[in-house]
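First listed ligand is number 1; within each ligand, the first listed atom is number 1.
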Amino acid sequence: MKIPPFSLTRQLADLAPELGSAMQRVLESGHFIGGPEVDRFEREFALSIGVSFAVGCNSGTDALVLALRALDIGHGDEVITTAFSFFATAEAISNVGAKPVFVDVDPDTFLIDLNNVEQAITPSTKAILPVHLFGLPVDMERLIQLAKKYELKIVEDCAQAAGATWKGKPVGSWGDIGCFSFFPTKNLGAAGDAGAVTTNDHQLAQKMRELAVHGMPQRYLHSDLGYNSRLDAIQAVVLNIKLPKLDAWVGKRQKIALRYRDSLQGLPCFSLPCTVDSHDGRHAWNQFVIQISKPIHSPVNNENLVLRDWFKAKLEDSGVNTIIYYPIPIHMQPAYESLTYQKGSLPVTEKLCTKVLSLPIYPELTIEEQDKVIFELKKLAQKF
Ligand SMILES: *Cc1c(COP(=O)(O)O)cnc(C)c1O
């Protein structure tokens, strides 16, 4: 039995007839850009997040760029964020001309450490960009208190957290703007690139809508330099079919996470991911990320070998495919050499990058496959 780290083929098997006829409808309508399917998705997505406005765009990366531009963030501005995320989080900040300022993460939650944010604030700081990494929500109440105190904006990176809530309120409804990705591997995936921004502010919504269409409030009147970043009708129709299923899919992810947690507890060389107390919110489990640390009596004597990488290779040999999110922290990426972060400047983030391993988790993962993942991990752990 071979278990892929992620698979869409089973979901497709369930949805193929519905998706096929809906796509056919769009093809026959000839309405590929904008139109009723896009309008409907924006309406229903806003409703599901509990905000007044959702604006579809081309990707999660573009959602971040549109959000930062709408808040007038650019040259000379600083945005506080995390270096333990997908590269796009920081890239969007840089691409609007601002400077990402990285704050270390909490070793248990992997989320931006709210104890470290205040000391990173300077007169140039304009916004905080928290990432609800792997589907775990950031403590938004605490973050909003901080932002209010220093009059900072909040842009939430919700790319991995569709379906997550904090204190019963969906992520993407807390900050000034929420940014979502519908890349196929996210909890709500399109059939290609797609994204959306969410907000309760009418002016921000309008601004982002214009920026996504060449800064054009009226046809051929350009009040801003914008982008071509629209949500296609073909993607919208796919999202319209999938959105009503998101809740149940996240429920299945939670069940798998619970099962992994129950079965893998107390093993000597790895630690399990944080959950969120049900009264605080809901983890959307886009990833189930364990940390593998070297025990004192390790049979692996080669000092150059990271134990995590040894686990990954052994698991692969036995048919369990895992992924490392993320092997290189953003501040250590060659593209950010100019920011001159030194090795050791974000110790928790850097350490995590050598320890983390994402186990297969997706709604269609069968009990037998979950058991195999658990069995193989336990077998390896017994060597220690
Ligand atoms: C996927 C992702 C993005 C970017 O989304 P795309 O749709 O791929 O552009 C941004 N931030 C995080 C945390 C992500 O996981």
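Each of the following atoms of ligand 1 lies closer than 4.0 Å to a heavy atom of V131: 13 (C). Ligand 1 places these atoms under 4.0 Å from at least one heavy atom of F86: 2 (C), 3 (C), 12 (C), 14 (C), 15 (O). With ligand atoms numbered from 1 in the order given, ligand 1 contributes 7 (O), 9 (O) to contacts under 4.0 Å with heavy atoms of S59. Close approach to T89 involves these atoms of ligand 1, each under 4.0 Å from a residue heavy atom: 11 (N), 13 (C). Shown in contact with A159 at under 4.0 Å from a heavy atom are these atoms of ligand 1, numbered in order with element: 2 (C), 3 (C), 10 (C), 11 (N), 12 (C), 14 (C), 15 (O).
Taking atom 11 (N) of ligand 1 as the reference point, the nearest protein heavy-atom neighbour is D157 OD2, 2.8 Å. If you check which protein heavy atom lies closest to atom 15 (O) of ligand 1, you get K186 NZ, 2.6 Å.
Of the options L111, L152, I154, a side chain to side chain contact (heavy atoms under 4.5 Å, CB included) to L143 is made by I154 and by none of the others. Considering T275, D247, T165 as possible partners of R282, the one that fulfils the side-chain hydrogen bond (donor to acceptor under 3.5 Å, both in side chains) test is D247.
Heavy atoms from both the backbone and the side chain of T61 come within less than 4.0 Å of ligand 1.
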What's the verdict on side chain to side chain contact (heavy atoms under 4.5 Å, CB included) for F180 and I49, showing C-alpha distance, side-chain angles and the deciding distance?
CA-CA 11 Å; F180 289 84; I49 301 300; 3.6 Å; yes
Go through the steps for E350 and H331 under the test side-chain hydrogen bond (donor to acceptor under 3.5 Å, both in side chains), then give the verdict.
CA-CA 9 Å; E350 290 165 36; H331 69 296; 2.7 Å; yes
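In this structure, S85 counts as a contact residue of ligand 1, since one of its heavy atoms falls inside 4.0 Å of the ligand.
Ligand 1 has a nitrogen or oxygen under 3.5 angstrom from a nitrogen or oxygen of Q160. Considering backbone and side-chain atoms together, G60 places an N or O closer than 3.5 Å to an N or O of ligand 1. For D193, no nitrogen or oxygen atom sits less than 3.5 Å from a nitrogen or oxygen atom of ligand 1, counting backbone and side chain alike.
Using the six-membered ring where Trp is involved, Y336 and F87 have ring planes that are tilted, between 30° and 60° apart. Classification of the F134-Y325 ring pair by plane angle, with boundaries at 30° and 60°, yields tilted.
For the residue pair E118 / Y150, a side-chain donor-acceptor distance below 3.5 Å is found, with atom types taken as modelled.
Remark: E376 engages K372 in a salt bridge, criterion side-chain N to carboxylate O under 4.0 Å.
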